[in-house]
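Read through the structure below, which is laid out as structure tokens, and then see the notes.
By convention in this document, chain letters (A, B, ...) are assigned in the order of the sequence lines, proteins followed by strands, and residues within each chain are numbered from 1.
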Amino acid sequence: MPEGHSLHRLARTITRTFGGAPVGASSPQGRFASGAARLDGRVLTGAQAWGKHLFVEVEDEVLHVHLGLYGTWVRSRRPEPEPWGAVRLRLTGQLWYADLRGPTACDLVGPAGREEILARLGPDPLRRRPDVDAFVRRVAASRAPVGALLMDQSVLAGVGNVYRAEVLFRAGVSPFAPGRTLGEDTVRALWDDLVVLMRDGVRRGRIVTLETDDVALLADLDHDRPAPDDPDLDGGEDTAARRRLRRSTGVYVYRREGRPCARCATPVRAEDFHGRRLYWCPGCQRGPR
DNA sequence: GAGCTATGTAGAC
DNA sequence: TCTACCTAGCTCT
């Protein structure tokens with residue numbers, strides 16, 4: 001699920017799985033055939049993420065991948081089956097293979113191309129030594145709503161719609177508040193919380209923003225839904241229904257339109273905002289609207 | 001099983 | 001501003 005934490009996790013997986021050895025590369029779909037031919041049989045030295053962008057180094061080549069909304073990169077044990085669906089790129093190592101499907105970007109860009117992409121991106125809370133001050137200055141000087149600034153990858157790299165909604169809720173800040181009205185301390189606190197939340201996301205492989213105490217509280221408020229650990233639910237198997245419930249109790253406002261806020265029980269609101277769905281609690285998040 | 005929706009971006013117009 | 005990308009999980013029937 002491609003917000004920044006997923007890409008950092010993916011970079012780590014690719015480096016551990018294929019790093020330091022030659023890889024086979026092919027494009028069963030055909031759309032990356034010439035690029036795959038240039039990678040085939042060469043040594044993959046490592047992969048790195050910056051925001052939602054992934055860079056895979058294969059000797060002197062740099063492969064740039066952006067998963068977009070529904071791209072996936074799935075790793076499995078060999079022997080590899082015949083590809084199904086539209087596999088843009090298949091990497092094959094000694095023990096594993098990995099199929100890339102549906103990316104927005106999959107190109108060989110070279111070191112210079114990578115620098116061009118990085119120059120367009122703001123600091124990434126998951127990188128070492130990010131330029132926090134650049135983020136604070138940019139937000140604190142802007143008339144744009146903070147809900148739009150957090151999604152602008154040139155302001156901050158790696159945050160998507162879930163982290164945007166959740167970090168603003170946790171800070172009690174309205175997404176409609178202009179950046180310049182927040183004050184530097186609040187902007188810095190947003191950054192600090194994103195570092196905590198996104199590192200946790202890398203570790204877990206999913207986004208969880210609820211504080212421990214609020215998990216039970218939210219389950220109570222959602223009294224029309226069974227609790228995630230209800231033994232009567234599907235006989236305790238790890239079914240789709242159970243997985244859905246587990247997901248639904250991981251966040252405060254994202255995709256909880258109309259459901260009670262865990263902190264104040266006000267129904268969570270949602271509306272289309274700059275082309276994306278925006279979720280917030282009008283009771284907890286003070287400011288305009 | 002069909003239909004809908006989505007954690008996103010680039011490029012055409 | 002609209003469309004392509006063409007996946008995958010969910011809801012509805």
Side-chain angles (χ1 to χ4, degrees), chain A residues 1-10 27-32 49-55 64-76 83-90 98-107 109 113 116-122 124-126 147-169 175 194 197-198 200-202 204-210 224-225 228 234 238-259 270-280:
Chain A
M1 314 298 174
E3 291 200 30
H5 70 298
S6 306
L7 275 296
H8 281 263
R9 214 176 143 88
L10 181 57
S27 178
Q29 175 200 42
R31 283 190 52 186
F32 188 58
W50 195 297
K52 300 169 195 168
H53 297 256
L54 178 73
F55 300 98
H64 169 234
V65 172
H66 195 296
L67 292 178
L69 186 56
Y70 48 68
T72 60
W73 206 337
V74 177
R75 181 188 70 158
S76 309
W84 55 269
V87 177
R88 185 80 58 88
L89 172 63
R90 171 173 282 181
D99 283 348
L100 171 66
R101 291 186 170 82
T104 291
C106 173
D107 302 293
V109 296
E116 276 177 34
I117 293 164
L118 295 184
R120 298 200 304 262
L121 297 176
D124 175 348
L126 290 172
L149 291 167
L150 292 183
M151 293 283 277
D152 181 340
Q153 300 297 298
S154 73
V155 173
L156 171 67
V159 167
N161 210 9
V162 184
Y163 283 126
R164 180 251 306 256
E166 295 298 307
V167 78
L168 289 174
F169 174 84
L194 281 170
L197 292 177
M198 293 176 77
D200 180 76
V202 174
R204 294 177 193 254
R206 73 188 189 101
I207 298 174
V208 175
T209 62
L210 286 183
D224 54 328
R225 298 170 163 191
D234 307 314
D238 192 30
T239 59
R242 183 177 290 275
R243 286 194 295 276
R244 186 166 62 249
L245 283 163
R246 208 161 47 218
R247 265 197 303 281
S248 74
T249 53
V251 294
Y252 286 101
V253 289
Y254 177 71
R255 293 194 78 179
R256 287 186 51 80
E257 182 176 6
R259 304 203 71 86
E271 69 176 47
D272 290 333
F273 179 73
H274 293 235
R276 305 298 298 279
R277 200 79 179 149
L278 172 67
Y279 302 86
W280 81 101

Does [X] place a side-chain N or O at less than 4.0 Å from the phosphate oxygens OP1/OP2 of [N]?
X: A:R276; N: B:dT7; answer: yes
X: A:K52; N: B:dT7; answer: no
X: A:Q153; N: B:dT9; answer: yes

What's the spacing between A:T72 OG1 and A:L100 CG if we round to 0.5 Å? 7.0 Å
Mind checking whether A:R276 and A:R164 have side chains closer than 4.5 Å, heavy atoms only? yes
Check: A:R277 and A:D272 side chains under 4.5 Å, non-hydrogen atoms: yes
Using the [atom1] atoms only, state how far [M] lies from [N], rounded to an integer number of Å.
N: B:dT5; M: C:dT13; atom1: P; result: 14 Å
N: B:dC13; M: C:dC5; atom1: P; result: 14 Å
N: C:dA8; M: B:dA10; atom1: C1'; result: 22 Å

The side chain of [X] is closest to which nucleotide in this list: [options]?
X: A:R120; options: B:dA10, C:dC6, B:dT5; value: B:dA10
X: A:T72; options: C:dT7, B:dT7, B:dA10; value: C:dT7
X: A:R31; options: B:dT7, B:dA6, C:dC6; value: C:dC6

Under 4.0 Å, heavy atoms only, any strand: does [X] hit a base, just the sugar-phosphate, or nothing?
X: A:G160; value: sugar-phosphate
X: A:W84; value: sugar-phosphate
X: A:Y254; value: sugar-phosphate
X: A:E166; value: nothing
X: A:T104; value: base

Taking the six-membered ring for Trp, are A:Y252 and A:F169 parallel (under 30°), tilted (30 to 60°) or perpendicular (over 60°)? parallel
Report the relative orientation of the aromatic rings in A:F55 and A:H64; use parallel for angles under 30°, tilted for 30 to 60°, perpendicular for over 60°. parallel
Atom [atom1] of [X] to atom [atom2] of [N]: distance rounded to whole Å?
X: A:D272; N: C:dC2; atom1: CG; atom2: P; value: 12 Å
X: A:H66; N: B:dG11; atom1: NE2; atom2: P; value: 12 Å
X: A:Q29; N: C:dC5; atom1: CD; atom2: C1'; value: 10 Å
X: A:Y279; N: B:dT7; atom1: OH; atom2: C1'; value: 11 Å
X: A:Y70; N: C:dA4; atom1: OH; atom2: P; value: 10 Å
X: A:M198; N: B:dT7; atom1: CE; atom2: P; value: 15 Å
X: A:L67; N: C:dA8; atom1: CG; atom2: P; value: 11 Å
X: A:R101; N: C:dC6; atom1: CZ; atom2: P; value: 11 Å

Given the options A:L150, A:V253, A:L168, A:P175 meets side chain to side chain contact (heavy atoms under 4.5 Å, CB included) only with A:L168
Per nearest nucleotide of DNA chain C, the residue lying toward the 5' end, A:L69 or A:V74, is A:L69
